[in-house]
Every structure is written in C-alpha cells, then in structure tokens.
Amino acid sequence: MLTAFARAFKTPDLRKKLLFTLAIIVVYRIGTHIPIPGVDYSAVQVCIDQASTNTGLFGLVNMFSGGALLQITIFALGIMPYITASIILQLLTVVIPRLEALKKEGQAGTAKITQYTRYLTVALAILQGTGLVATARSGALFQGCQVSSQIVPDQSIFTTITMVITMTAGTAVVMWLGELITDRGIGNGMSILMFISIAATFPSALWAIKQQGNLAGGWIEFGTVIAVGLVMVGLVVFVEQAQRRIPVQYAKRMIGRRSYGGTSTYIPLKVNQAGVIPVIFASSLLYIPALIVQFSNNQESGWATWVTKNLADTGAPVHVALYFFLIVFFAFFYVAISFNPEEVADNMKKYGGFIPGIRAGRPTAEYLSYVLNRITWPGSLYLGLIALVPTMALAGFGANQNFPFGGTSILIIVGVGLETVKQIESQLQQRNYEGFLR
C-alpha cells in the first residue's frame, strides 16, 4: 500500500489528484470546528468536558461527523444525510418501477437518481438540523451538564431558523466537496470524507483508554487495544476480500464469418455482500425507542424505565441480543434487494452464458440464490460479532460505545482504504502498462 502511494506521488497527474484530495480534506476538517451562529461555544466545551464517555443517542451520527455534531458546527450533520438518502433511494429502486427503469438506463438514469439523492439529502438535513437544534435548546443534548440549557442563549424563531439553514447549507457543501473529490481527486469522495470523519476520532478515543487505564499508567491497556486493533484489521481485510467465484462460460456464436464468445469468466459473490449497511440499519432502529423516551413527558413510567434499562444501555443483554439479531436480519434483507438472481440469470441467458453443469434460466437463478444464502450466513454472523466488539471493549477497558477498533468504524475504514488503494493501483497500471510493445 505504501509503495502504491509512493509511486503515485512520482506520477505528475496522480500527484495533482492526491494533493487536491488532501486540500479538500483540510477544508472539510476546518469546517468541522467552526461553530454555527447562535451557539455559546464556551458552554458547549464545558458540556463536552463534563460529558461521560457514552455519547448516547447521537454517538453514531457524531462518529460520522468526525465529532462535529456535539460541537454544533457548520458541518455538524456531516455526511450522514447523504448516506441515509442514498440508502433510501436504493431501497425505493426495488419498490418504485420508475426508479428501477432509471437504473437500467445507464449513465443518464444514474445521473437522474443522483439528482434525486441530492434533493432528499437537503430535505433530510433540514429535518435532522431541526431535531438537533431542538435538542440543544431543550438541554437534552448533554444530559447531566449544568450549563446545557445555556448552549443556545437566544431561543427566538429567527435564531432557530438561521441555525437550521446554516447546518443544511453545511451539509450541501459537504456533499459538494465529496463530489469534487470523486470528479477531480482519488477514490469515491463521499467514502473518503466518511473515512476522514471516523479516523479523526481515533486519537482521542485511544488516549481516553490510556487515561482511564490502571496498569502501568494505562500503557498496558493502550498497548492491548492497539494489538486487538491490528488483529481486527487483519480479520476484516481477510473477510472483506473473501468471495465465492461462480464460473460462467459463454458459448461461441457465428456472425457472418467471425466467431464471437467462447470466453470464460466468473461471478464474484462476496462473503460480506451487504457491507456496513446492516450495522447502520440495526443501530438506527435500536435508537428509535430510546429517542421516543428522550422526548416523552413521562420518563419515569414503566415502559420508559424498561427501554432505558434494556435498549438504551448498550451493555444490557437484551440490547446485545437484539442488536445481533437485527444485524443478521438486515444482512439477508439487504442482500435480497441488492442482488437479484433472476435478473442475473436472464442476462446470462440473453448473452449465451451459462454455469457449467447448471441449465440456463430458472435453474441458474435457483443455484445463485442457494449459493448466496449459504455465503450470507457467515457474512452476517461476522458482521454481528464485529459490531459487538465495542460492547466487549466497554466491559474490558472502560471505553466508550464508539470504540475505535470495532463495529461500524473499522468496517468503513478498512473498506474505504482497500477500495482507494485498488483505484490508485489500477490507475498506476494504466499509466505504466507496456502491453505488446515489450
């Protein structure tokens, strides 16, 4: 990986792309530290210092924003509205025939769906920004902080609207920065910004583990976490690269005097076909009951106490079991809607392709569905175990629920890192390929 980056910096056009990407990252990180109008920044810092290691309901969004959410900056919402909008559009593609037709139109249809995603991102940013401002005004953003009610001193309608518009504009700017990286930089811009947001929280999370440790001034716990992190990265790389290759043979066709086809290829089915989407779905779904309790008037009732004790507490057995079950369920659900065996079988039949030993058409679709279900089981169990690492770290090291080497963070960082390195290597190969001239 380091060799690929070194070779990329020696290539002039790739060096320009890398430097442009780094410049956009610097702009993005600066924006995560600029507070929005109407917020008492000193009160926010006091509450952050007094807050416990558990960031509660907003932990996932705060991680995706690189810690900007709890500081209520112009990029407080980060890339999360765009991620949510992309997932919603992908799910609606299966349900709405118009979107499915656009998806099949190629580049023009994809551009139209991207435009819809932008509109939905702005709408979600307005909704989430309004919720964040309302939470900050009520003092519920930092529970237990003495000055939490002073975070927004001026609670007039004009100030509230200004704060929501500022955060929505910040989300639009983040989306634009991501598209700039995609067009003129290296890798997928949205994934790169998400990678940077998560990686920015690593130093503080690791140092917090060291400060809370008791053995040799916390260095024993710190070293153990680093060792566990290296093992986790190795495991995630191994599973993310694992795939089941189904061989496909294309029959020869005679058109005039020329022969076409007769080639062999394969269909790569990844063990973790769903990626990190099931973890995000499960986390978001488990936050809903706790969010309802947060804004309910009667937080001392029996049902509210049960939700707080069993669902809001990430270490509760009910929360752990339900979290694991939801990840497994959403892994199968997302794979079922993102990969259509019947469509793949029809395309293979249309172009004269077949799996050796399997008849074309419906038998091919049934075989693909069978193989997909078989490899999704270990992939979903792997996702569930990786996502539970923060819970085990919470019990073993006193870390917070956003433990750096586990769950959503490690999956995204490794996945984006592998994809970016592959793109750099492919571009290097295109520029240095000698072909038949050798």
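All heavy atoms count here, side chains included; hydrogens, waters and symmetry mates do not.
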* **Note, E419 side chain near F195 side chain (heavy atom, < 4.5 Å)** => no
* To do: Using a 4.5 Å cut-off on heavy atoms from C-beta on, say whether the side chain of I87 contacts that of L91.
  => yes
Is it the case that the side chain of [X] and the backbone of [Y] share a donor-acceptor pair, with hydrogens and angles ignored and the cut-off at 3.5 Å?
X	Y	value
S369	A365	no
Q273	K270	yes
T73	T32	yes
T364	A345	no

Classify the ring geometry of [X] against [Y]: parallel below 30°, tilted from 30° to 60°, perpendicular beyond 60°.
X	Y	value
Y367	Y370	tilted
W377	F332	perpendicular
F329	F333	parallel

* Taking only residues at least two apart or on different chains, which pairs with a member in residues 357-385 satisfy salt bridge (Lys or Arg N to Asp or Glu O under 4.0 Å)? -> R362-E366
* **Qualifying salt bridge (Lys or Arg N to Asp or Glu O under 4.0 Å) pairs with a residue from residues 106-134, counting only residues at least two apart or across chains** => R118-E179
* Asked: When you look at CD of Q423, are more than 12 heavy atoms from neighbouring residues, nucleotides or ligands closer to it than 6.0 Å?
  -> yes
